[in-house]
Amino acid sequence: MTKIYHTANTVIRTRQLLMYKEWVPLRLRFWLYMAFGFLYQYVGSIYSSYSNQIVSEIALLSEDIQMANYCALGGITVCFPVMYRLKFYMYTRQLFFVAGIGLIICNAITMSAQAPWIIWGVSFVAGFFKMLGMFGCTSVFRLCVTPSRNYAVFFPVVYLMVCGGTYLSGLTTSYLTYYGNWRLMNLFVIALLMIHCGIVYYMMKPDHRPGPFLSLKGVDFTGLFLWSSFLISGIWLFTYGEHYDWWRSRTIWTATGITLALFAAAFCRSRFHDKPYLPLSIFRFRSVQHLMLLLLGVGILQAAPKLLQSIYLTSVLKYDSLNTISLNWPILYGVVVGSLLAFAAFVKWHWGFKKYFMVALLLLTSYEVAMYFLIGGDTNREAFFIPLFALGVSEVMIGSASNVYLSQSLPFSHFFYGLSSIGYIRCGIGTAMGSATVQRLYNWAISKNNINAGDNLDGTVLPFDMPSWSDTLSVISKQAMMISIKECYGYLIAIGIVMMLLIIIHHYRLPVKRLLPRMAAIRIWLSKENSSDPKDSVIPNDDKDE
């Protein structure tokens, strides 16, 4: 441990991070960037933990809040192809001002807006700013985290910040909402972002840029608009499908037509434009196809704790908001262990991707199995700790492994396009589709079990004025709900087993060993049309000020 500590301190001292002013201590520079990265994952514009309060106060639907959260994820997804362009276009301090002040404005608008479409648009923009600020941090401290430029070291650290910040944000939101109003979280976030902007203003140089200026000329903003519109419309379709009874309603048919039309327009733009925002060639890579299918199945499995577990805790066990959100702690501990396990599996133990994905999916499916057997009317709260711990471990392992697998199987020139393409599944339409699938499955099961319970009551004769009648109905309804939740977990277990079988029979090609390229090589690649992929331009102990 002493050797590791001294090595880390040596790395931090050699990476000068020249965007800071001279009087800022070298060690403080690195840890400030780590804090900034965690902050950008911690903040947002709207938070699902206070959905009950905001729905009752502004008279919104729960689907409206869910749609806003998906839009925030969509904003993160569409940012990937233009991140390096924006990094070279702005000064370092200017980038953080744009991201930080943009999030402040988005939070302020969310506190006063009442129209759902305004909240959706603000959430989408907030997701874009959130990813921009996060990338401004990760692209700088990457050489401090991994001087060897190893993706397998870098992404477990990133996902520790991503998942850790998300779950801590949910905990903070629940406590502030429970003891006050839902707007307290937005005010708290605005205060944190103002402190962040103040630190950036006083400690960073006003004219530092990681390389020469690079304009936004050549960026396909029309393609960005079309793909973003397709993403939002697809998310809307799967978010409100159950509310409008799917294709039995004209509204869903109209939304389906609009989604297909936007997809056709975005497809044609990418097909015939010289420099498309999202080139269609990215979907020809075998690794991208494999990850999109894998993450679609994972999205269905990961929808269980958000829907089935939430229904079980609130409707069956009658947990309040604090008891429900307190179960984020074992998930958070799992996130920390998962990042360490991901690092050890790739760097120390040298696992193959097949073994790694099998272990991650086994942990995720074990959560479904444990919940299947824990469903009951008087389950102890502590019984959920181990399954939720396994859920947290699997979430970090799958997220970091997906990015590492993509980085090793794609050239760097296609890597961020690959992140954006799988993001349509991981953070966009796929996530909404997974939640809609589980919700539809639960609604079908509860409807069937309620009918069966009603049939069992046909021979029961109880006076309506007796308390025992209402008590009997309550017990039967509760029993039908538990049976439905357990049935849904059973189906999800089957899906998890099928996915593991597919991974077993899938052949993973030995990927090419790729390292993080130099910042100067990336800029040359962006500025010159015929420049070679920057993957080969790796010089050890270089780019101290990145």
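- A donor-acceptor contact closer than 3.5 angstrom links the side chains of N403 and R426.
- The line from CD of Q408 to OG of S287 is 11.0 Å long, rounded to the nearest 0.5 Å.
- Looking at residues two or more places apart in sequence or on another chain, you find a ring pair (Phe, Tyr, Trp, His ring centres under 6.0 Å) between Y424 and W227.
- A cation-pi arrangement, defined by a distance under 6.0 Å to the six-membered ring centre and an angle within 45 degrees of its axis, is absent between R29 and Y20.
- Under the 3.5 Å distance criterion, with hydrogens and angles disregarded, a donor-acceptor pair is assigned to the side chains of Q309 and Y367.
- Here the CG-CG distance, from L171 to L176, works out to 11.0 Å after rounding to the nearest 0.5 Å.
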Stepwise ring-ring contact (aromatic ring centres under 6.0 Å, His included) check, F353 with Y405:
CA-CA 7 Å; F353 285 106; Y405 181 54; 4.8 Å; yes

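- Within the 4.5 Å cutoff, the side chain of L160 has no heavy atoms near those of the V396 side chain.
- For the atom pair C71 SG and N69 CG, the distance stands at 9.0 Å (nearest 0.5 Å).
- Residue P206 comes nearest to R93 through the heavy atom pair CB-NH2, 3.1 Å, listed as atom of the first residue, atom of the second, then distance.
- For the residue pair T166/Y42, the side-chain donor-acceptor check at 3.5 Å is not satisfied.
- When the side chain to side chain contact (heavy atoms under 4.5 Å, CB included) test is applied to F135, the partners found at least two apart in sequence or on another chain are M83, Y84, K87, M131, T138, S139, F416.
- L327 CG: more than 12 foreign heavy atoms inside a 6.0 Å radius.
- Exactly one of F154, F155, F343 qualifies for a side-chain contact (heavy atoms from CB on, under 4.5 Å) with S400. That residue is F155.
- Residue W329 qualifies as open at atom CH2: its count of foreign heavy atoms under 6.0 Å is 12 or below.
- E395 CD to L301 CG: the interatomic distance, rounded to the nearest 0.5 Å, is 12.5 Å.
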Working note: L224 + L278, criterion side chain to side chain contact (heavy atoms under 4.5 Å, CB included); need CA distance, chi angles, decisive distance, verdict.
CA-CA 8 Å; L224 170 61; L278 186 64; over 6 Å; no

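- What you find for M67 and I232 is that their closest heavy atoms are CE-O, 3.5 Å.
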Where do S215 and R85 land on the side-chain hydrogen bond (donor to acceptor under 3.5 Å, both in side chains) test, with the steps shown first?
CA-CA 7 Å; S215 71; R85 282 278 185 176; 5.2 Å; no

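- Judged by distance alone, the side chain of S435 and the main-chain N or O of A432 form no donor-acceptor pair under 3.5 Å.
- No option in F415, F412, F346 other than F415 meets the ring pair (Phe, Tyr, Trp, His ring centres under 6.0 Å) test with Y151.
- The line from CG of L214 to OH of Y89 is 11.0 Å long, rounded to the nearest 0.5 Å.
- Side-chain contact between F124 and S228 is present, with heavy atoms from C-beta onward closer than 4.5 Å.
- Proximity of a side-chain donor or acceptor of Y356 to a complementary backbone N or O of M397 within less than 3.5 Å is detected.
- Counting all heavy atoms, side chain and backbone alike, G170 lies closest to I325 at O-CG1, 3.6 Å.
- A donor-acceptor pair under 3.5 Å is absent between the side-chain atoms of K130 and the main chain of L103, judged by distance alone.
- Contact record, P305 with L391: CG-CD2, 3.7 Å, taken as the closest heavy-atom pair.
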Verdict with reasoning, Y91 to H208, per ring-ring contact (aromatic ring centres under 6.0 Å, His included)
CA-CA 6 Å; Y91 294 114; H208 178 273; 8.8 Å; no

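- For CZ of F225, the number of neighbouring non-hydrogen atoms (other residues, nucleotides, ligands) closer than 6.0 Å is 12 at most.
- Looking at R209, its side chain does come within 3.5 Å of a backbone N or O of F88 through a donor-acceptor pair.
- Of the possible donor and acceptor atoms, none in the side chain of S310 sits under 3.5 Å from a partner among the backbone N and O of L307.
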